[in-house]
Every structure is written in C-alpha cells, then in structure tokens.
**Q** 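Below you'll find the structure I mean.
All figures in this text were calculated on a predicted structure; none of them were measured in a lab. Residue numbers start at 1 and run along the sequence shown.
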Amino acid sequence: QVQFVESGGGLVQPGGSLRLSCAAVGIRISMSAMYWYRQAPGKQREWVATITMSGNTDYKDFVKGRFTASRDNAKNMVYLQMNSLKPEDTAVYYCTTSPTTGWGQGTQVTVSS
C-alpha cells in the first residue's frame, strides 16, 4: 500500500522559512513525478509544485521564486523549501505521486505574527 508521510510544518512568522519533507512508503519515487499540494482552511486542495523524475520543477505562480522542490531518490524522499512565507501560505501541505494515488496526513504550516 502506498503511503506518504509529510513532516516539517510548524508556526513561523511572515518572512520566515520552513523545509517540508515527504517520505514515500510502498513506492519508489524514482519512477514518478512528485507533487506538492496544499489545503487552506475552508478552501479546496490546490496544486503547489511538481518535480519530475529528472528533477525539473514547476510551481504555482503564487509561490514562484519563494518555494523550491527537490528530491532524493536514494532516500525515497521529496522536499519543499519554503522561503519568504506569507500568511496566505497557511495550509496543510501534502505530497503525492498523483491526486488519484491518495493522500497522507499532511503537515500543518501556519504563518502568523
């Protein structure tokens, strides 16, 4: 069974940084693109970033230049470095190989002074 375990969230002040991690269980991520999504309170889950098998990345316009996705296939992990955080980034963040694969428990990111 495929599972994703996200970690690294927390409370941070505006302008701060966090690095999220995602461990994949039951699947080798080297064979798949990986995606980061987020869900803010009262809103639908939305796509944030993609990192392809070859390491190419793509980002939601709102996070471009602030977020950086990376992957370590040897560790079966993906990461999301988030800089210059804004209150609007407050959400639960998830990683997945596909929205149809399933979701982990996510990790809560709260940006507030």
**Q** Same cluster or not: Val12 versus Val63, using hydrophobic residues (I, L, V, M, F, W, Y) connected whenever any side-chain heavy atoms lie under 4.5 Å apart?
**A**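 Val12 and Val63: one cluster.
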**Q** Please give me the minimum heavy-atom distance between Met77 and Ser21, naming the atom from each residue.
**A**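 Minimum heavy-atom separation between Met77 and Ser21: CE-CB, 3.8 Å.
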**Q** State which residues pass salt bridge (charged side-chain N to carboxylate O under 4.0 Å, His left out) with Lys75; sequence neighbours excluded, sorted by chain then number.
**A**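 Salt bridge (charged side-chain N to carboxylate O under 4.0 Å, His left out) list for Lys75, sorted by chain: empty.
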**Q** So which atom in Thr52 and which in Arg71 form the shortest heavy-atom distance, rounded to 0.1 Å?
**A**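 Distance-wise, the nearest heavy atoms are O-NH1, 2.7 Å.
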**Q** Do Ile29 and Val48 sit in one hydrophobic cluster, given that two such residues count as connected whenever their side-chain heavy atoms are within less than 4.5 Å of each other, even indirectly?
**A**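 Yes, Ile29 and Val48 fall within the same hydrophobic cluster.
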**Q** Any Lys/Arg nitrogen of Asp89 or Lys86 sitting under 4.0 Å from an Asp/Glu carboxylate oxygen of the other?
**A**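 The answer is no: the pair does not qualify as a salt bridge.
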**Q** Determine, step by step, whether Glu6 and Gln105 satisfy the side chain to side chain contact (heavy atoms under 4.5 Å, CB included) criterion, reporting the C-alpha distance in whole Å, the side-chain angles of both residues, the deciding distance to 0.1 Å, and the verdict.
**A** CA-CA 7 Å; Glu6 301 91 348; Gln105 83 287 352; 3.6 Å; yes
**Q** Spell out, yes or no, whether Val111 and Met82 are grouped together once hydrophobic residues are joined by side-chain heavy atoms under 4.5 Å, including indirect joins.
**A** yes
**Q** Give the C-alpha distance, both sets of side-chain angles, the deciding distance and a yes or no for side chain to side chain contact (heavy atoms under 4.5 Å, CB included) between Val92 and Thr107.
**A** CA-CA 5 Å; Val92 179; Thr107 186; 5.9 Å; no
**Q** Rounded at 0.5 Å granularity, tell me how far CG in Asp58 sits from NZ in Lys64.
**A** 6.0 Å
**Q** Is the closest side-chain donor-acceptor distance between Ser17 and Asn83 under 3.5 Å?
**A**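 On atom types as modelled, these side chains qualify, holding a pair under 3.5 Å.
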**Q** Could you state the interatomic distance from OG1 (Thr96) to CZ (Arg45), rounded to the nearest 0.5 Å?
**A** 8.5 Å
**Q** Could you check whether Thr100 and Ser98, counting side-chain N and O atoms only, form a donor-acceptor pair closer than 3.5 Å?
**A**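 Short answer, yes.
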**Q** Of all heavy-atom pairs between Arg28 and Asn73, which one has the smallest distance, and what is that distance?
**A** NH2-O, 3.3 Å
**Q** Any link between Leu20 and Trp47 through a network of hydrophobic side chains (Ile, Leu, Val, Met, Phe, Trp, Tyr) touching at under 4.5 Å?
**A** no
**Q** How would you list all residue pairs meeting ring-ring contact (aromatic ring centres under 6.0 Å, His included) that involve residues 55-104, not counting sequence neighbours?
**A** Tyr37-Trp103, Tyr94-Trp103
**Q** Do the side chains of Pro87 and Ser112 get nearer than 4.5 Å, heavy atoms only?
**A**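 Ser112 vs Pro87: side chains apart.
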**Q** Examine Val109 and Val78 and state if one hydrophobic cluster contains both, with Ile, Leu, Val, Met, Phe, Trp and Tyr joined whenever side-chain heavy atoms are less than 4.5 Å apart.
**A**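 Yes, Val109 connects to Val78 through the hydrophobic network.
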**Q** With rounding to the nearest 0.5 angstrom, report the CG to SG distance, Leu80 to Cys22.
**A** 10.5 Å
**Q** If you take all heavy atoms of Ala69 and Ala49, which pair is closest and at what distance?
**A**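 Scanning both residues, the minimum pair turns out to be CB-CB, 4.4 Å.
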**Q** With a 4.5 Å heavy-atom cut-off, do Gln108 and Thr90 have their side chains touching?
**A** yes
**Q** To the nearest 0.5 Å, tell me how far Arg38 CZ sits from Gln44 CD.
**A**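 Atom-to-atom, Arg38:CZ and Gln44:CD are 14.0 Å apart.
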**Q** Working to the nearest 0.5 angstrom, can you tell me the gap between Ile51 CD1 and Cys95 SG?
**A**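 Here the interatomic distance stands at 12.0 Å.
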**Q** Let me confirm one number: the OG1-CE distance from Thr50 to Met34, rounded to the nearest 0.5 Å.
**A** 10.5 Å
